[in-house]
Amino acid sequence: MNQSLAWLHRGVSEIFPNQPESPDPNESLVARLHRAEGPLRVKLGIDPTGADIHLGHSIPVRKMRAFQDAGHTAVLIIGDFTAQIGDPTGKSEVRRQLTAEDVQGNAQTYLDQVRSILDFDTPGRLEIRYNSEWLSKLNLAKIQELLTTMTVGQMLAKEGFADRYEKGNPIYLHEFLYPLMQGYDSVAVQSDVELGGTDQKFNIAVGRDLQRYFGQVPQFGLLMPILLGTDGSQKMSKSLNNYVGLAEDPLSMYSKLEKIPDSLIEEYFELLTPLALDELPENPRDRQKLLATTVVAHQHGEEAAREARLAAETLVQGDATQAEAVPEFSLAGVEFPAKLFYILNLSGLCASSSDARRQIKGGAVRLDGDRIADENLSFASPADLNHKVLQVGKKKFVRLVQS
């Protein structure tokens, strides 16, 4: 592999079409990169369907930054229009449709969170586009034209649709529009390369077909892996509580990353850091600490990463009250008197109230270093808990505050 293009292939699951030895710039991305007279336009679409981005979401964003560093133009599309349709990929039922207000609020938080990854400052290196710019202007005649480019059979070949159709779960007509709308984004911005997770291959391929239909040179698809979560077994997801959020405080982020299972360490280094994989420490514990420090430093800075590491070591030694970097949880939204298991659930330390009860019964819960044994322990007012550290196990903790 051409060493100058090592950044292109790092952590990539698939490039399509992919005939790397071909000199044809329509068959080989390497050939297109070498023959391009100017910067390529590299597209990544993000539908702001929630307020938070986690490390799994950041992987194609990081690849986009690599293209920026190589001199190309990142075209970040905020799917404010498509988010109101909802991507059916991987869903066993129709997504809840969002309001325009929901989408706009989420979009701003997304941009705030990717600012630490993308180059927002170098002229010509970033375009931020909202797909309502062109999709909201499509009239019925244009939508009908788009619909004529695909058959129902082709749509049902999409994995999620096929599964739902076979099981008799409803598929609504507006969901068929989603791949076409996302594909039309590629036409609107004249994309040369589209980035996405491996679950986006169908949608990216639709973009290629539509570009060809409208007389453009079809884009390349570059697919990145779907990151497994901190549990080591399932896709990273906030609903599964196995995620690391980009907006999390340094200590929470560090504490999650330093206990990533050994089986995932090399993949996390490859996808989330620029470090050479053949130069990693041999000791597994040292690898975990290096991973946590590197990722936190990228998001929050070297000093914050150092402080997070020191605070985490203090907590492991059992003296949580001395760790100044412990994240805070406000009790303002808690109705008192309140059971401790309820606060454990609300604070995110436990996945549910029943999980909180199990953790207390198992001896995993401490309040200011004292083990809690009573699963029905209750507190009369927030003043009883103000500035105390609530901890589950060795790695999960918050400092409770009244406001």
Side-chain angles (χ1 to χ4, degrees), residues 5 7-20 25-33 36 38-48 56-83 85 87-90 110 114 117-118 125-131 133-135 146 149-150 154 158-159 177-226 271:
L5 292 176
W7 61 268
L8 173 65
H9 295 86
R10 179 170 173 133
V12 172
S13 293
E14 182 181 358
I15 298 174
F16 67 95
N18 186 30
Q19 298 185 38
N26 293 324
E27 297 178 344
S28 165
L29 180 53
V30 172
R32 186 172 293 190
L33 286 165
L40 297 187
R41 296 177 60 75
V42 184
K43 168 196 171 190
L44 174 63
I46 300 178
D47 279 355
H57 297 134
S58 78
I59 291 173
V61 183
R62 294 170 191 276
K63 182 61 67 175
M64 178 172 261
R65 175 57 188 261
F67 272 98
Q68 285 185 303
D69 291 343
H72 302 287
T73 301
V75 184
L76 182 65
I77 296 180
I78 303 297
D80 59 331
F81 192 94
T82 45
I85 300 175
D87 186 355
T89 300
Y110 274 33
V114 301
I117 301 174
L118 293 177
R125 287 289 175 263
L126 178 64
E127 290 181 18
I128 298 173
R129 307 285 293 274
Y130 291 79
N131 63 13
E133 175 188 337
W134 48 87
L135 294 181
L146 288 176
T149 66
M150 292 194 73
Q154 287 174 303
K158 181 176 170 64
E159 182 180 353
L177 285 173
Y178 186 90
L180 291 167
M181 298 292 99
Q182 182 174 311
Y184 191 74
D185 289 349
S186 296
V187 175
V189 302
Q190 300 184 54
S191 168
D192 294 300
V193 181
E194 181 168 1
L195 307 176
T198 51
D199 59 348
Q200 292 296 312
K201 185 171 184 177
F202 182 91
N203 294 338
I204 294 173
V206 171
R208 284 175 49 81
D209 292 342
L210 288 177
Q211 285 181 308
R212 192 180 292 110
Y213 176 83
F214 285 102
Q216 295 181 10
V217 176
Q219 65 189 7
F220 284 84
L222 194 154
L223 305 180
M224 304 297 295
I226 303 298
L271 296 174

Run Val75 and Val42 through side-chain contact (heavy atoms from CB on, under 4.5 Å) and show every step you take. CA-CA 6 Å; Val75 184; Val42 184; over 6 Å; no
From [X] [atom1] over to [Y] [atom2], what is the distance, rounded to the nearest 0.5 angstrom?
X: Leu210; Y: Ser186; atom1: CG; atom2: OG; value: 8.0 Å
X: Gln182; Y: Phe202; atom1: CD; atom2: CZ; value: 10.5 Å
X: Thr73; Y: Leu40; atom1: OG1; atom2: CG; value: 8.5 Å
X: Met150; Y: Lys158; atom1: CE; atom2: NZ; value: 9.0 Å
X: Thr82; Y: Asp185; atom1: OG1; atom2: CG; value: 6.0 Å
X: Glu27; Y: Gln19; atom1: CD; atom2: CD; value: 4.0 Å

Under a 4.5 Å cut-off applied to non-hydrogen side-chain atoms, are [X] and [Y] in contact?
X: Gln68; Y: Arg65; value: yes
X: Leu126; Y: Leu118; value: yes
X: Phe67; Y: Leu222; value: yes
X: Val206; Y: Leu180; value: yes
X: Arg129; Y: Val189; value: yes
X: Val61; Y: Leu44; value: yes

Step-by-step ring-ring contact (aromatic ring centres under 6.0 Å, His included) determination, Tyr130 to Phe81: CA-CA 8 Å; Tyr130 291 79; Phe81 192 94; over 10 Å; no
To check you understand the geometry: which heavy-atom pair defines the closest contact between [X] and [Y], and what is its length?
X: Leu146; Y: Thr149; value: O-OG1, 2.6 Å
X: Gly71; Y: Arg125; value: O-NH1, 3.1 Å
X: Ile117; Y: Ser58; value: CD1-CB, 3.8 Å
X: Gly11; Y: Pro225; value: O-CD, 3.0 Å
X: Val12; Y: Leu223; value: CG1-O, 3.6 Å
X: Met224; Y: Pro60; value: CG-CA, 4.2 Å

[X] and [Y]: side chain donor to acceptor below 3.5 Å:
X: Thr198; Y: Glu14; value: no
X: Asp47; Y: Tyr110; value: no
X: Gln200; Y: Asn203; value: yes
X: Ser191; Y: Gln219; value: yes

What I want to find out is whether Glu127 reaches Arg41 closely enough, with some N-O distance under 4.0 Å, to be called a salt bridge. yes
Please test Lys201 against Ile204 for side-chain contact (heavy atoms from CB on, under 4.5 Å), starting from the C-alpha separation and ending with a verdict. CA-CA 5 Å; Lys201 185 171 184 177; Ile204 294 173; 5.9 Å; no
Give the C-alpha distance, both sets of side-chain angles, the deciding distance and a yes or no for side-chain contact (heavy atoms from CB on, under 4.5 Å) between Asn131 and Met181. CA-CA 9 Å; Asn131 63 13; Met181 298 292 99; over 6 Å; no
Apply side-chain contact (heavy atoms from CB on, under 4.5 Å) to the pair Glu194 and Phe220, showing each step before the final yes or no. CA-CA 6 Å; Glu194 181 168 1; Phe220 284 84; over 6 Å; no
Ignoring hydrogens and angles, tell me if any N or O in the side chain of Gln211 forms a donor-acceptor pair with the backbone of Gln190 under 3.5 Å. no
Does Lys43 reach the main-chain N or O of Val193 with its side chain, forming a donor-acceptor pair under 3.5 Å? no
Parallel, tilted or perpendicular: which fits the ring planes of His72 and Trp7, with parallel below 30° and perpendicular above 60°? tilted
